[in-house]
Every structure is written in structure tokens, then in C-alpha cells.
Chemist: 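The structure's right below; bear with me while I get my questions together.
Everything quoted here is computed from the prediction, not taken from an experiment.
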There are 2 protein chains.
Amino acid sequence: MREPGVKVKDRILETASRLFYDQGYNQTGINQIIEEADIARASLYHHYPSKTDLLLAYLDRTHELWFKELEAFMLPIHGPKERLLALFDFRTKRQLRLKYKGCHFSKIVAEACEDEGVFDRVRAHKERFRQYIYDLVVQADHRKLLDNEMLTDTLFLLLEGGIALGAMYRGPDYAEKAKRIAMSFL
Amino acid sequence: MREPGVKVKDRILETASRLFYDQGYNQTGINQIIEEADIARASLYHHYPSKTDLLLAYLDRTHELWFKELEAFMLPIHGPKERLLALFDFRTKRQLRLKYKGCHFSKIVAEACEDEGVFDRVRAHKERFRQYIYDLVVQADHRKLLDNEMLTDTLFLLLEGGIALGAMYRGPDYAEKAKRIAMSFL
DNA sequence: AACCGAACAGACAAGTCTGTCTAGTCACTT
DNA sequence: AAGTGACTAGACAGACTTGTCTGTTCGGTT
């Protein structure tokens with residue numbers, strides 16, 4: 001194998017990811033993935049035995065890319081307080097690029113997929129994000145209006161609320177408001 | 001007409017509403033609605049010319065019931081501050097009953113329905129809820145850590161974030177945390 | 001030279017989807 | 001008595017769904 005099976009398998013996952021997010025998982029058919037990825041039907045089922053497997057791979061890939069993007073975004077920003085505020089910018093910027101369709105993970109949960117593997121991945125993603133916030137909070141010498149745990153949850157809730165409302169209003173307004181609110185007790 | 005066409009039409013909408021929320025709009029077929037509502041196919045299309053019409057009726061009905069329920073919940077609670085905190089209890093209690101499947105409106109938006117009528121209704125619902133919060137905030141003599149607009153947005157964001165996270169974790173934890181956080185600057 | 005994994009094209013199964021249409025029943029109104 | 005609106009049952013169209021299966025090609029390894 002010249003390139004070890006990478007190209008086709010990746011093209012499948014990239015195409016599926018784009019369609020799952022833009023159109024929704026249930027509204028995306030195998031046929032459309034095959035056509036847009038320009039691969040053969042059997043190739044898809046060779047790499048991903050079922051549509052559910054493809055969904056789980058989508059969640060894993062999104063999780064990885066998400067944190068990779070976050071790390072890259074955080075690189076030039078120094079200081080825990082600055083970084084906490086940058087979290088809002090990160091998500092706002094990302095949502096602008098994604099046309100305010102909301103969080104990948106909450107979207108999948110909202111589609112009423114009862115697969116336990118899906119929930120596990122969604123929870124793992126959010127839990128890791130909360131931990132990321134917490135680690136910054138303990139480093140920051142904030143105003144101590146709230147203890148570390150509570151400040152973490154406040155920021156977490158503001159971030160998630162801002163994205164959720166952004167998806168409904170199709171705009172950055174509430175994510176930006178959330179940031180201004182966060183600034184006032186950091 | 002003995003009962004003016006009410007029974008069948010309502011049974012359709014009730015059944016559709018339950019299924020749309022529990023299973024998702026796209027995963028609910030006309031056939032299932034017909035079967036579970038125990039009505040004839042032509043009756044459904046007589047009252048709702050298309051599935052989209054049924055969806056819009058579902059959103060309207062949910063909006064109405066939502067605020068009716070809220071009013072009933074608020075009836076025994078006096079004082080604006082108490083009522084602001086009761087908003088958290090209202091949504092937590094409701095989500096418990098709904099098995100933490102999240103906000104009806106954000107769920108529909110997450111299913112990638114591009115109909116403008118859907119967005120209009122979602123925004124109208126959320127806007128009215130924010131206004132409801134605002135009206136209580138101006139009455140409350142809060143600690144003025146934040147001005148009225150900002151306090152409104154904070155509570156709004158905490159509420160929406162709590163429900164969104166509740167749907168992903170399938171539990172009341174973050175909605176309850178959101179309430180405790182709200183108490184600290186009311 | 002034989003084999004194998006990865007890719008291709010495309011037919012096929014068995015079921016689902018929304019929406020239309022026919023045909024007929026019943027209760028109420030004019 | 002004729003007509004109307006709400007309802008029933010169920011056939012039908014045409015498209016789409018996921019997944020299987022056959023058969024072929026090609027590059028690389030043993």
C-alpha cells in the first residue's frame with residue numbers, strides 16, 4: 001500500500017462529519033456520503049460496518065479536532081484569566097465559522113439517538129472541557145466572589161448557554177454577552 | 001358537528017407532539033402518528049396539509065402550554081426574587097418529567113430544519129421568556145452587582161445552559177448548580 | 001507466481017418515507 | 001331530501017433508506 005488506506009477512509013469520515021453537522025445525522029443518508037466523498041459503496045461498509053460506527057467515529061474525530069483547535073487558539077494567550085476569557089472568543093469564533101449551528105455534541109443528543117456509546121462520548125467531551133476550565137480557574141487569582149468549583153460551573157454554564165442560544169438566534173449575541181458577564185466576576 | 005371537529009384534530013397534534021419530542025421530528029413518520037393516534041391517513045392530511053404544518057402547530061402548542069404551565073407554577077410564589085429562583089425549579093421539575101431530553105425548541109433547531117417559520121417560533125418563544133425574566137428583575141431589589149439587562153442575561157444564560165447540559169448528562173445537576181449560582185448574586 | 005487488502009461499479013433486498021387518491025360512512029344543516 | 005364536512009380504510013406512487021452481495025481491478029508482499 002502506497003498510502004496505508006488513509007485517503008479513502010479519511011475522505012469518508014470528513015464528508016460524513018460535514019454532512020452530519022450541517023444537515024443532521026438522521027437527515028444524512030449513506031448514499032449522499034458515498035456520492036459526495038466520491039467512493040464506492042462497498043468501501044464505506046468496509047471501513048465502517050454500519051452507520052452507527054460512522055457516527056461514533058465522527059464524535060471521536062470531532063472531539064480530537066476540537067481540543068487540538070483549542071490548544072492552537074490558546075498558544076499565544078498567556079495568563080489563566082486571559083485564557084478563561086479567551087474560551088469565549090474561541091467558541092464564538094468557531095461558531096461564526098460553523099454558521100451558528102451549535103455544539104456538535106448537543107446536536108447529536110438532541111436528535112434522539114439512544115445509543116449508549118453516543119452518550120458516553122458526549123459526556124466525556126463535556127467533562128474534559130469542564131476540567132480544562134477548572135484547571136485554569138485554580139491558577140487564576142480571581143476575585144473569589146465564588147469558590148473554584150462554583151466559578152468553574154458558572155463559566156461552563158455561561159459558555160454552554162451562549163452556544164445554545166447562538167444556535168437558536170443564529171448569531172453571536174448571547175455568547176458575547178456571556179463573555180462580558182464572565183469578565184465581571186473574574 | 002357534535003363536538004366541532006376537536007377530538008381527532010387534537011389527538012393528532014397530541015400524538016405528534018409526544019413523538020416529535022421523544023423521538024425527534026425527523027425520526028417520527030406520518031405512519032407512526034396515524035397508528036398511535038388511531039386515525040385515518042386522510043384525516044391527518046385533512047387537518048394538516050403537510051408534515052411541516054404539523055411541526056409548526058406542534059411549536060405553537062408547546063409554546064402555549066409552556067407559558068400556561070409556568071403561570072400555574074408561579075401562582076403560589078410571591079415576590080420577584082423568589083419567582084426568579086422558582087424559574088430554575090420550574091424548568092428542573094419539567095425536565096424531570098420529560099426525562100431530561102432538553103428544551104423542545106432547541107431540539108428542533110438542532111435537527112437542522114431550515115424552515116423560516118420554525119426559527120421565527122423558536123426565537124419568539126425564547127424572546128418572550130427573556131422578557132418574563134426581565135420583568136421580574138426590574139421588580140426585584142437585587143444586590144446590583146449587575147445592572148438589570150445584564151442580570152437578566154445572566155439568569156437567562158444560566159437557565160438555558162443548565163437545560164442544555166441536563167440533556168447531555170441526562171440529569172438535573174447543572175440546572176441545580178445554575179440555581180445556586182443565581183442565588184449568589186440576586 | 002500466488003495471494004491479499006483496498007478499491008471500484010452497480011445490482012439487489014426489504015423496508016420506509018411523504019403525500020395522493022378512491023370510495024364509502026356518518027351526523028348535521030339547510 | 002340534498003348537500004356538506006369530518007371521518008374511515010386502504011391502495012398507490014415514487015423516491016429514498018440501510019445494508020448485502022457479486023464481480024472486477026490494481027498495487028504490494030510473500
Chemist: Give the rounded distance in Å between these two atoms: CD1 of I33(B) and P of dT18(C).
Modeler: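 It is 7 Å, rounded to the nearest whole Å.
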
Chemist: Quick one: is dT18(C) close enough that its OP1 or OP2 comes under 4.0 Å of any side-chain N or O from N31(B)?
Modeler: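 Negative; the distance criterion is not met.
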
Chemist: Could R41(A) and E35(A) be called an ion pair, given the rule that one side-chain N must be under 4.0 Å from one carboxylate O?
Modeler: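 Salt bridge flag = no for E35(A) with R41(A).
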
Chemist: Tell me: NZ of K7(B) to P of dA27(C), nearest whole Å?
Modeler: 13 Å

Chemist: Nearest to the side chain of S43(B), heavy atoms from C-beta on, is which of dA6(D), dG19(D), dT8(D)?
Modeler: dT8(D)

Chemist: Both Q27(A) and A42(A) contact DNA chain D. Taking the nearest nucleotide for each, which residue is further toward the 5' end?
Modeler: Q27(A)

Chemist: Between dT8(D), dT18(D), dT18(C), which one does the side chain of I30(B) approach most closely?
Modeler: dT18(C)

Chemist: Checking contacts here: which listed nucleotide (dC7(D), dC8(C), dT8(D)) is nearest the side-chain heavy atoms of H46(B)?
Modeler: dC7(D)

Chemist: Side chain of H47(B) only, heavy atoms from C-beta on: which candidate in dA7(C), dC8(C), dC7(D) is closest?
Modeler: dC7(D)

Chemist: Can a donor-acceptor pair be found between the side chains of E127(A) and Q131(A) at a distance below 3.5 Å?
Modeler: no

Chemist: Rounding to an integer number of Å, can you tell me how far L44(B) CG sits from dC17(C) P?
Modeler: 13 Å

Chemist: Considering only dT18(C), dC8(C), dT18(D), which nucleotide approaches the side chain of A40(A) most closely?
Modeler: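 The nucleotide sitting nearest to the side chain is dC8(C).
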
Chemist: Which residue, P49(A) or Q32(A), contacts DNA chain D at a nucleotide closer to its 5' end, judged by nearest heavy atom?
Modeler: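 Between the two, 5'-proximity favours Q32(A).
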
Chemist: Once you round it to whole Å, what is the distance between P of dA9(D) and CD1 of I34(B)?
Modeler: 11 Å

Chemist: Can you tell me the distance, in whole Å, between the CD1 atom of I12(B) and the P atom of dA6(D)?
Modeler: 12 Å

Chemist: Going by an N to O cut-off under 4.0 Å, is there a salt bridge joining K9(B) and E14(B)?
Modeler: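 Salt bridge flag = no for E14(B) with K9(B).
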
Chemist: In whole Å, I'd like the distance from the OH atom of Y45(A) to the P atom of dG10(C).
Modeler: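 Atom-to-atom, Y45(A) to dG10(C), this comes out as 18 Å.
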
Chemist: Please work out if T52(A) contacts a base, only the sugar-phosphate, or nothing of the nucleic acid, heavy-atom cut-off 4.0 Å.
Modeler: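 No contact.
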
Chemist: Please state how far atom CG in D38(A) lies from atom C1' in dC8(C), giving the value in whole angstrom units.
Modeler: 11 Å

Chemist: Quickly work out the L54(A) CG to dT17(D) P distance and round it to whole Å.
Modeler: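 My rounded result for the distance is 14 Å.
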
Chemist: Look at the side chain of R41(B) against the base of dT8(D) and say whether a donor-acceptor pair falls under 3.5 Å; ignore hydrogens and angles.
Modeler: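 Under the 3.5 Å cut-off, the side chain and the base do not form any donor-acceptor pair.
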
Chemist: Can you tell me if Q139(A) and D135(A) form a side-chain donor-acceptor pair at under 3.5 Å?
Modeler: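 On atom types as modelled, these side chains do not qualify, holding no pair under 3.5 Å.
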
Chemist: Among Y100(B), Y169(B), F88(B), find the one that has a ring-ring contact (aromatic ring centres under 6.0 Å, His included) with Y174(B).
Modeler: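 Single pass found, and it is Y169(B).
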
